[in-house]
There are 2 protein chains.
Amino acid sequence: MTETQSALPRQDRRISRTRRQLREALMALILEKGYDAVTVEDITARADVGRTTFYLHYRDKEHLFLESITQIADELAAQMVALFPQALSEDQMGDHAMRPILLVFRHAAENADLYRAMMRGEGGLIATNRLRELTAGYALQFMELFLRGARTALPLEVVASYFAASLLGTLTWWLEAGMPYPPDEMAVMFRRLAMRGVWEALGGAPPPSALETR
Amino acid sequence: MTETQSALPRQDRRISRTRRQLREALMALILEKGYDAVTVEDITARADVGRTTFYLHYRDKEHLFLESITQIADELAAQMVALFPQALSEDQMGDHAMRPILLVFRHAAENADLYRAMMRGEGGLIATNRLRELTAGYALQFMELFLRGARTALPLEVVASYFAASLLGTLTWWLEAGMPYPPDEMAVMFRRLAMRGVWEALGGAPPPSALETR
DNA sequence: TATAATCATAAACATTCTGTTCATTATTAT
DNA sequence: ATAATAATGAACAGAATGTTTATGATTATA
């Protein structure tokens, strides 16, 4: 995402130190005031770094924010990647499609403060878009691997976007509403709402076991 | 939404004139530069109104934007309200649940430029949230009227949020992707993806006719 | 450990936008 | 006709952005 990582010469300690400090400062400040209210000066003051230094590394606040989000998302993504081979070795996708959904809701529950703070104001758009892209990408990969080129009733692109949007949207609603249901219950409800349609769109009649509530 | 409309004394012509000019100016400018790039001075210059006057009517740019969005949404809402009694007089909801969806996709297609310009940057969040609230509200009303208090498998709140998020999200994706399918086709695809799960969540086995592609 | 390269820094600066105040002029409803 | 209200422009204070420059500090590396 950033440009200074050309070859062998490991990154200068000062660089990674500064950037880490800036990321941590931004996240802490978002928790305190919300994304919009945070200024570059706030960040550098908290990070104990000269304001000039900030511009040495990032174009603006959004640039830094995107890098930070990507790091959080990578956490989740890594967990999900671990599920791929497992899912493919099964002949029924239903149960395993459940796992990534559970992961998402649990991850959100664990980092609820941060999520909520991020979702407010301008930051919300940036974060949501980034996460939706990522989610749709993973959904697409997942489906392609599972289908192995089989014909589908609806374009995969559409199905993936639908899936990502409904997941992220439901998640956002849940957070904003103060998490009125436990994460695992949300995951079950979401699966019940989303999976029938998605299965149909992928062409197959769903294996009955994959569609039960539990 | 605004405060100066207390009783009989019809609103001063100057007020409605000024506000209309400001709304139109904002929308035109959003089309040209995108929401974020528009400043209050831009708006007042375009509207041919003193900058001071702006603050006489609106707290800030967002305030004006929200009023403008609400107006657009009301257009749609009015069309939808007209569908309610019709839908209720039928014993199968499926086919009529299709109509509002069609309306949404067509409305978006007709105002694609404006929608796209609104969806970019900070404005996107504001617009999306406002529209999602509105959509979820209508979905809730629709379902309550249709169900007449019958017990449902999942909380209506959750179903409505799910529905609103997936509709808005799919819509956004479709616009951003350059509308690769015609609006009516999108509506059919969306219905196919969403309706099975929603029907189930509402407790009933879906009437088969309501679930066919067409 | 010497040193050249690189990074961090503070101070100063120009710029842009915001939101408010105030005295004056124009328009409106009645 | 006139009292009430809206619109105006100028001026202002303040906050934040992003850049430049000269200087000091830290780092990798040999």
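Letters A, B, ... mirror the listed sequences (proteins, then strands); counts begin at 1.
- A salt bridge links A/R196 to B/E200: one of the charged nitrogens lies within less than 4.0 Å of a carboxylate oxygen.
- Atom pair B/L56:CG and C/dA23:P shows a separation of 16 Å (rounding to whole Å applied).
- Counting non-hydrogen atoms under 4.0 angstrom, A/T53 reaches a base of the nucleic acid.
- Rounded to an integer number of Å, the gap from CZ of A/R14 to C1' of C/dA8 is 8 Å.
- At a threshold of 4.0 Å, the pair A/E41-A/R46 does not count as salt-bridged, since none of the basic side-chain nitrogens sits closer than that to a carboxylate oxygen.
- Rounded to an integer number of Å, the gap from NZ of B/K61 to P of C/dC17 is 10 Å.
- Listed pair B/H57 / D/dA7 meets the phosphate criterion, a side-chain N or O lying under 4.0 Å from OP1 or OP2.
- Distances from the side chain of B/T39 to the nucleotides C/dT6, D/dG18, C/dC17 place C/dC17 closest.
- With A/F54 as the aromatic partner, A/K61 does not meet the cation-pi criteria of under 6.0 angstrom to the ring centre and within 45 degrees of the ring axis.
- Side-chain N/O atoms of B/T18 include one lying less than 4.0 angstrom from OP1 or OP2 on D/dA7.
- At a threshold of 4.0 angstrom between heavy atoms, the contacts of B/R13 are confined to the sugar-phosphate backbone, with no base atom among them.
- Comparing B/V38 and A/V49 by the nucleotide of DNA chain C that holds the closest heavy atom to each, the one mapping nearer the 5' end is A/V49.
- Rounded to an integer number of Å, the gap from B/L22 CG to D/dA7 P is 9 Å.
- Comment: A/D42 engages A/K33 in a salt bridge, judged by a side-chain N to carboxylate O separation of less than 4.0 angstrom.
- One can place CG of A/D48 at 16 Å from C1' of C/dC7, the figure rounded to the nearest angstrom.
- Residue whose closest nucleotide on DNA chain C sits further toward the 5' end, between B/R17 and B/R51: B/R51.
- Comparing A/T52 and A/A37 by the nucleotide of DNA chain D that holds the closest heavy atom to each, the one mapping nearer the 5' end is A/A37.
- Between the OH atom of A/Y55 and the C1' atom of C/dT15 there is a distance of 13 Å, rounded to whole Å.
- With B/Y58 as the partner, the side chain to side chain contact (heavy atoms under 4.5 Å, CB included) test is satisfied by one option alone out of B/L64, B/T53, B/V40: B/L64.
- The distance from atom CZ of A/F54 to atom P of C/dA8 is 13 Å, rounded to the nearest whole Å.
- The CD atom of A/E41 sits 13 Å away from the C1' atom of D/dG14 (whole-angstrom rounding).
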